[in-house]
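Right, one structure below, let's go through it.
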Amino acid sequence: MLFSFVIPTYNRAKKVTRAIDSVLNQPDWAKSAEIIVVDDGSNDDTALELQKYLGKDQIRLINHSENLGVAKAKNTGIINARNEFVVLLDSDDLLTENGLDYLTRLVVNHDSDMFFCGTQILNSTKLMYDPSFRGLKSYYNLLKTPVGEYLPVCKTHILKNNLLNNLRGYESITWLTLAKKGCRIYFDGEPIRLYDNIGEDRLSNRFNGIKNSARMREGYSLYLKEFGADLKYFNYPEYLKMKLKLMCYYLMSLSFK
């Protein structure tokens with residue numbers, strides 16, 4: 001089979017079932033996919049809500065005894081994936097109607113190691129990416145262009161050898177690392193991921209961005225350490241912007257000590 005949908009969740013009892021059902025509602029989903037839900041130590045009704053999926057073929061529930069963070073939850077799912085591609089679907093996102101069929105045709109028709117599928121805001125027509133940025137892209141393309149929000153789909157054996165850094169919101173470090181290693185990366189223009197931008201736990205929430213400033217600073221520091229020299233050469237304005245953000249998050253983090 002082609003796909004292992006990895007859905008990490010933490011205290012999203014209602015939203016995670018919506019994400020799972022968006023895959024289950026795909027025509028003939030069981031012929032091409034499995035679903036791995038990783039409950040990252042939830043203390044709400046998540047475990048109770050997930051009970052109805054127990055015993056269903058090709059759905060596996062994995063529990064962390066404590067909250068380890070979304071990157072580690074995703075890594076648990078990746079390690080346990082059995083199929084050719086891992087699809088990283090957040091627990092408050094949805095796969096669009098017939099999204100699985102579209103994704104199947106995409107990976108069959110394009111010889112690539114990774115695919116990034118477009119994202120649209122839930123209950124809106126607003127896209128969170130540039131649909132004209134499409135096709136095979138190199139490491140240098142990714143440094144030069146802000147790529148927006150996508151649904152990541154990656155060959156399982158590659159992700160198992162390149163697990164995500166334990167930094168929430170910084171999966172881009174992994175994707176850039178893979179691009180720098182020469183992985184073939186394809187960006188698609190069709191939105192098949194619906195993004196729920198409502199929620200107090202979003203890092204994009206302004207207060208959470210301030211509250212998590214130490215974590216944000218750590219992410220920017222690692223990003224610049226790994227890619228700063230290349231970014232400075234190929235996209236100097238973005239390099240300066242990231243340096244400024246790093247300084248701002250450093251100053252904000254001092255107030256939360």
Side-chain angles (χ1 to χ4, degrees), residues 1-10 12 15-24 26 29 32-40 58-62 64 68-96 99-100 102-104 106-107 112-120 122 128-129 142 147-179 183-188 190-197 199 201-204 219:
M1 290 190 293
L2 278 176
F3 303 112
S4 294
F5 282 83
V6 171
I7 305 177
T9 189
Y10 175 68
R12 286 176 173 167
K15 289 186 176 183
V16 67
T17 59
R18 184 183 63 179
I20 297 168
D21 289 342
S22 76
V23 180
L24 296 182
Q26 302 291 317
W29 78 274
S32 60
E34 67 172 352
I35 300 171
I36 304 169
V37 182
V38 182
D39 183 359
D40 190 31
Q58 293 161 234
I59 301 180
R60 284 181 285 155
L61 307 180
I62 301 174
H64 285 173
L68 301 177
V70 66
K72 288 191 175 181
K74 289 181 179 181
N75 287 340
T76 294
I78 291 165
I79 291 166
N80 285 277
R82 297 169 178 163
N83 295 338
E84 185 177 355
F85 288 93
V86 165
V87 184
L88 295 174
L89 186 70
D90 286 346
S91 59
D92 55 353
D93 292 337
L94 292 85
L95 194 64
T96 58
L100 180 58
Y102 185 90
L103 183 57
T104 300
L106 183 67
V107 302
S112 295
D113 301 306
M114 279 201 70
F115 297 84
F116 286 94
C117 298
T119 297
Q120 181 176 318
L122 183 64
M128 302 186 69
Y129 65 105
L142 301 188
V147 296
E149 284 280 346
Y150 289 86
L151 175 70
V153 182
C154 185
K155 285 186 175 177
T156 302
H157 72 89
I158 292 176
L159 271 187
K160 287 188 176 183
N161 290 316
N162 296 272
L163 294 174
L164 303 175
N165 289 288
N166 193 31
L167 283 169
R168 183 183 180 192
Y170 286 92
E171 289 179 11
S172 59
I173 292 174
T174 298
W175 313 145
L176 275 172
T177 298
L178 292 178
C183 287
R184 290 169 60 84
I185 299 179
Y186 188 92
F187 280 77
D188 188 65
E190 182 72 17
I192 65 169
R193 172 197 178 202
L194 297 177
Y195 176 96
D196 188 345
N197 64 339
D201 57 345
R202 284 289 188 192
L203 276 184
S204 54

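If you're wondering where the values come from, they're calculated on a predicted model, not measured in any experiment.
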Taking the side chain as every heavy atom from C-beta outward, state whether [X] and [Y] have any atom pair closer than 4.5 Å.
| X | Y | value |
| --- | --- | --- |
| R60 | N80 | yes |
| C154 | L178 | yes |
| I35 | W29 | yes |
| S4 | V87 | no |
| F85 | K155 | yes |
| F116 | Y129 | no |
| M128 | Y195 | yes |
| R193 | L95 | no |

Next on the checklist: Exactly one of V16, V38, D93 should register a side chain to side chain contact (heavy atoms under 4.5 Å, CB included) with I7. Which one does?
Outcome noted: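 Single pass found, and it is V16.
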Checklist entry - In a check of side chain to side chain contact (heavy atoms under 4.5 Å, CB included) between K160 and each of T156, I158, N162, which one passes? => result T156
Could you tell me the separation between the [atom1] atom of [X] and the [atom2] atom of [Y], rounded to the nearest 0.5 Å?
| X | Y | atom1 | atom2 | answer |
| --- | --- | --- | --- | --- |
| L106 | I192 | CG | CD1 | 7.5 Å |
| L163 | T76 | CG | OG1 | 9.0 Å |
| N83 | M1 | CG | CE | 4.5 Å |
| L159 | I78 | CG | CD1 | 4.5 Å |
| E84 | H157 | CD | NE2 | 8.0 Å |
| T9 | D90 | OG1 | CG | 9.5 Å |

Next on the checklist: Between V37 and F5, is the side-chain contact (heavy atoms from CB on, under 4.5 Å) condition met? List the steps.
Outcome noted: CA-CA 8 Å; V37 182; F5 282 83; over 6 Å; no
Checklist entry - Relative to the ring of Y186, is the ring of F115 parallel (under 30°), tilted (30 to 60°) or perpendicular (over 60°)? => result tilted
Next on the checklist: Side chains of Y150 and D188: any donor to acceptor distance under 3.5 Å?
Outcome noted: no
Checklist entry - Do we see a donor-acceptor contact under 3.5 Å between the side chains of R184 and S112? => result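 No - no donor-acceptor pair under 3.5 Å links their side chains.
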Residue pair [X] / [Y]: nearest heavy atoms and the distance that separates them:
| X | Y | value |
| --- | --- | --- |
| L88 | L151 | O-CD1, 3.3 Å |
| L94 | S22 | CA-OG, 3.6 Å |
| P191 | Q120 | CG-OE1, 3.8 Å |
| C117 | L103 | SG-CD1, 3.8 Å |
| S91 | A19 | O-CB, 3.6 Å |
| I36 | A81 | CD1-CA, 3.6 Å |

Item to check | Derivation of the side-chain contact (heavy atoms from CB on, under 4.5 Å) call for V23 and L89 | outcome: CA-CA 10 Å; V23 180; L89 186 70; 4.0 Å; yes
Taking NZ, NE, NH1 and NH2 as the nitrogens, is one of them in [X] or [Y] under 4.0 Å from a carboxylate oxygen of the other?
| X | Y | answer |
| --- | --- | --- |
| R18 | D196 | yes |
| D40 | K72 | no |
| R12 | D39 | no |

Next on the checklist: side-chain contact (heavy atoms from CB on, under 4.5 Å), that's the test. Do L24 and D21 meet it? Break it down for me.
Outcome noted: CA-CA 5 Å; L24 296 182; D21 289 342; 3.8 Å; yes
Next on the checklist: Closer than 3.5 angstrom, by distance alone: can the side chain of E190 be matched with the main-chain N or O of G118 as a donor-acceptor pair?
Outcome noted: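 A pair under 3.5 Å: no.
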Next on the checklist: Test side-chain contact (heavy atoms from CB on, under 4.5 Å) on V86 and F3; report intermediate values, then the result.
Outcome noted: CA-CA 6 Å; V86 165; F3 303 112; over 6 Å; no
